[in-house]
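Notes for the one structure printed next.
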Amino acid sequence: MPELPEVEITRRQLVPLLVGRLIAAVRTSAPSYFFITSPRVLKRRLPGRRVIELRRLGKYLLADLDDGQRLLLHLGMTGQLFGHGAASVRLLSSTRGAALAPESQTARFSPDRHTHLQLSFADPGPDVYFRDARKFGKVQLLRPGEGSPRLERLGVDALAWTGARLFAASRRRRIPLKALLLDQSVVAGIGNIYADEALFLAGLRPTRGAARLTRPEADHLVTAVLAVLHRSIETGGSSISDYVQPDGSDGTYQDERRVYGREGEPCPSCGTPITRRVIGQRSTHYCRRCQC
DNA sequence: AGACTAACCTGAAAGC
DNA sequence: TGCTTTCAGGTTAGTC
């Protein structure tokens with residue numbers, strides 16, 4: 001679910017809940033696919049550490065600790081990071097989208113079977129929770145100076161992308177444009193929703209071979225990517241199935257989607273029904289008249 | 001090296 | 001109503 005805008009919003013809201021605080025206790029679920037670093041090791045190495053900084057790299061969050069360790073977090077498809085306490089305005093709920101009972105708006109979150117990590121702090125303030133129903137999310141604690149293949153593999157952050165870099169990366173690639181946008185080693189942070197939206201804005205068909213992109217089109221596409229990402233951050237991200245902001249509120253970018261998830265609906269610019277087809281195992285939406 | 005596939009896991013929605 | 005199938009916003013390991 002979470003792509004760059006959702007991860008960036010999560011980062012901004014978590015900064016006051018993490019940075020400068022001293023970790024006192026760690027609770028986890030049982031060892032699983034979710035934990036790259038085992039729960040046992042997290043519980044041994046996190047308490048007593050203070051968080052210095054929280055950064056975003058593509059769709060990853062990286063918390064720098066005072067002893068040089070780094071805590072790497074990825075939300076996968078259904079991950080949710082949030083705090084609760086005074087700052088919490090609304091809780092996560094499986095009935096998200098439906099009207100919540102008034103009493104649930106102030107109730108405290110209690111960890112359920114999908115809550116895999118809970119950080120408590122020595123100083124006053126809310127705990128931080130990492131919940132992930134599908135467990136595609138990831139937690140890894142890097143030792144001081146330890147590299148991470150996952151991070152080293154990432155291409156340029158999508159917010160720093162340029163037409164020149166896209167054009168260079170697209171040469172001699174025998175994959176659809178859409179697949180190029182989703183390749184995190186080329187550009188980090190774009191996911192399925194924003195790839196479709198940006199391609200629509202740029203008037204480029206997702207199936208177009210990457211190598212057939214012209215230099216001016218590369219500029220247009222990067223401009224569209226930046227516009228879509230910045231606008232989504234501005235509106236709190238897309239709350240389509242599981243994503244909510246750490247404070248519990250929904251983003252509203254889903255209301256501004258032009259093609260994603262709109263198969264059969266009229267194209268906002270020409271009225272032609274939006275086409276959906278699968279590219280690289282990902283559901284892809286576009287207007288066959290406006291995008292070529 | 002580059003491109004494709006299957007796999008990881010759970011829940012909601014659609015289909016019958 | 002209830003059972004079955006399909007579909008999800010991501011990434012990686014393995015194969016050709």
Side-chain angles (χ1 to χ4, degrees), chain A residues 1-10 29-36 56-61 72-81 92-98 112-116 130-140 148-155 158 169-199 206-207 209-211 228-229 232-233 235-245 250-254 256-257 259-264 276-285:
Chain A
M1 46 111 106
E3 307 182 27
L4 184 151
E6 291 76 25
V7 178
E8 176 59 20
I9 290 156
T10 298
S29 58
S32 73
Y33 184 72
F34 179 82
F35 293 100
I36 298 175
R56 182 190 58 73
L57 298 133
K59 300 173 193 172
Y60 288 90
L61 286 175
L72 183 61
L73 307 168
H74 194 290
L75 297 173
M77 295 266 259
T78 51
Q80 305 167 315
L81 271 166
L92 304 172
S93 160
S94 56
T95 61
R96 198 193 58 67
D112 58 6
R113 72 191 191 92
H114 297 306
T115 305
H116 304 299
F130 192 165
R131 187 175 179 275
D132 184 4
R134 234 169 130 185
K135 284 195 275 200
F136 283 0
K138 293 280 171 283
V139 175
Q140 182 175 25
S148 162
R150 304 176 122 79
L151 294 182
E152 284 147 20
R153 204 177 300 140
L154 292 181
S170 68
R171 299 304 83 190
R172 261 171 267 102
R173 294 296 298 268
R174 300 156 63 93
I175 54 173
L177 218 34
K178 164 89 179 255
L180 189 71
L181 292 185
L182 293 180
D183 186 339
Q184 303 297 300
S185 69
V186 170
V187 57
I190 302 174
N192 210 28
I193 296 178
Y194 301 113
D196 282 6
E197 293 299 311
L199 286 164
T207 53
V228 164
L229 296 180
S232 180
I233 291 172
T235 57
S238 300
S239 294
I240 289 182
S241 78
D242 298 273
Y243 178 75
V244 289
Q245 300 177 37
D250 281 344
T252 61
Y253 191 79
Q254 66 278 9
E256 302 190 19
R257 280 172 302 135
V259 290
Y260 181 83
R262 296 202 186 280
E263 178 184 16
R276 172 184 176 276
R277 53 174 293 188
V278 174
I279 300 178
Q281 308 143 245
R282 309 303 295 280
S283 164
T284 299
H285 315 74

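In what follows, every chain begins at residue 1, and chains take the letters A, B, ... in the order their sequences are listed. Scope of the values below: all heavy atoms of this structure, side chains included, with no hydrogens, waters or symmetry mates.
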Pairing pattern in dot-bracket form [Watson-Crick, G-U; both distances under 3.5 Å; | = partner strand] for DNA chain C: .|||||||.|||||||

Whole-Å gap separating C1' (B:dT10) and CG (A:Asp112): 12 Å

Whole angstrom value for the distance that separates C1' of C:dG10 from CG of A:Leu181: 15 Å

Aromatic ring proximity A:His285/A:Tyr260, centre distance under 6.0 Å: yes

N or O in side chain of A:His74 less than 4.0 angstrom from C:dG10 OP1/OP2: no

Rounded distance (Å) that lies between atom P of C:dG10 and atom NZ of A:Lys138: 14 Å

Distance under 6.0 Å and angle within 45° of ring axis: A:Lys138 vs A:Tyr33: yes

Test of ring centre spacing under 6.0 Å for A:Tyr253 and A:Tyr194: yes

Touch class at under 4.0 angstrom, heavy-atom based, for A:Ser283 against every strand present: sugar-phosphate

Parallel, tilted or perpendicular: ring planes of A:His116 versus A:Phe34, cut at 30 and 60 degrees: tilted

Given B:dT10, C:dT11, C:dA8, the nucleotide with the shortest approach to the side chain of A:Lys135: B:dT10

Atom pair distance, as rounded to whole Å: CZ in A:Phe34 and C1' in B:dC9: 12 Å

Rounded C1' spacing from C:dT4 to B:dC8 in Å: 22 Å

Atom-pair distance (CZ on A:Phe136; P on B:dA6), nearest Å: 15 Å

Touch class at under 4.0 angstrom, heavy-atom based, for A:Tyr60 against every strand present: sugar-phosphate

Euclidean distance, atom CZ of residue A:Arg134 to atom P of C:dT12 [Å, nearest integer]: 16 Å

Show the distances under 3.5 angstrom between N or O atoms of the protein and N or O atoms of nucleotides 2-4 of chain B.
from	atom 1	to	atom 2	distance (Å)
B:dA3	OP1	A:Arg174	N	2.6
B:dA3	OP2	A:Arg173	NE	2.8
B:dA3	OP2	A:Arg173	NH2	2.9

Side-chain N or O of A:Thr78 closer than 4.0 Å to phosphate OP1/OP2 of B:dT10: no

Euclidean distance, atom OH of residue A:Tyr260 to atom P of C:dC7 [Å, nearest integer]: 13 Å

Check: A:Thr10 side chain, A:Glu6 main-chain N or O, donor-acceptor pair, under 3.5 Å: yes

side-chain N/O A:His114 vs B:dC9 OP1/OP2, d < 4.0 Å: no

Test item: A:Ser232 side-chain N/O and A:Leu229 main-chain N/O as donor-acceptor pair under 3.5 Å: no

Residue list, side-chain hydrogen bond (donor to acceptor under 3.5 Å, both in side chains) with A:Arg277, at least two apart or on another chain: none

side-chain hydrogen bond (donor to acceptor under 3.5 Å, both in side chains) against A:His74, all qualifying residues, sequence neighbours excluded: none

Touch class at under 4.0 angstrom, heavy-atom based, for A:Arg113 against every strand present: sugar-phosphate

A:Glu3 side chain to A:Ile193 backbone, donor-acceptor under 3.5 Å: yes

Over 12 non-hydrogen atoms of neighbours within 6.0 angstrom of CZ in A:Arg171: yes

Stacking check A:Tyr33 vs B:dC9 (5.5 Å / 30 deg): no

Nucleotide B:dA6, atom P - distance to CZ of A:Arg282 in whole Å: 15 Å

Whole-angstrom distance between C:dT12 and B:dG11, as gauged at atom C1': 23 Å

Given C:dT11, B:dG11, C:dA8, the nucleotide with the shortest approach to the side chain of A:Lys59: C:dT11

Write down the protein N/O and nucleotide N/O pairs, taken from nucleotides 14-16 of chain C, whose separation is under 3.5 Å; answer none if there are no such pairs.
none

Check: A:Arg113/A:Ser29 side-chain N/O donor and acceptor closer than 3.5 Å: no

Any A:Arg276 side-chain nitrogen or oxygen under 4.0 Å from OP1 or OP2 of C:dC7: no

Salt bridge (Lys or Arg N to Asp or Glu O under 4.0 Å) against A:Arg173, all qualifying residues, sequence neighbours excluded: A:Asp183

Donor-acceptor contact present, side-chain A:Arg257 to main-chain A:Gln254, <3.5 Å: yes

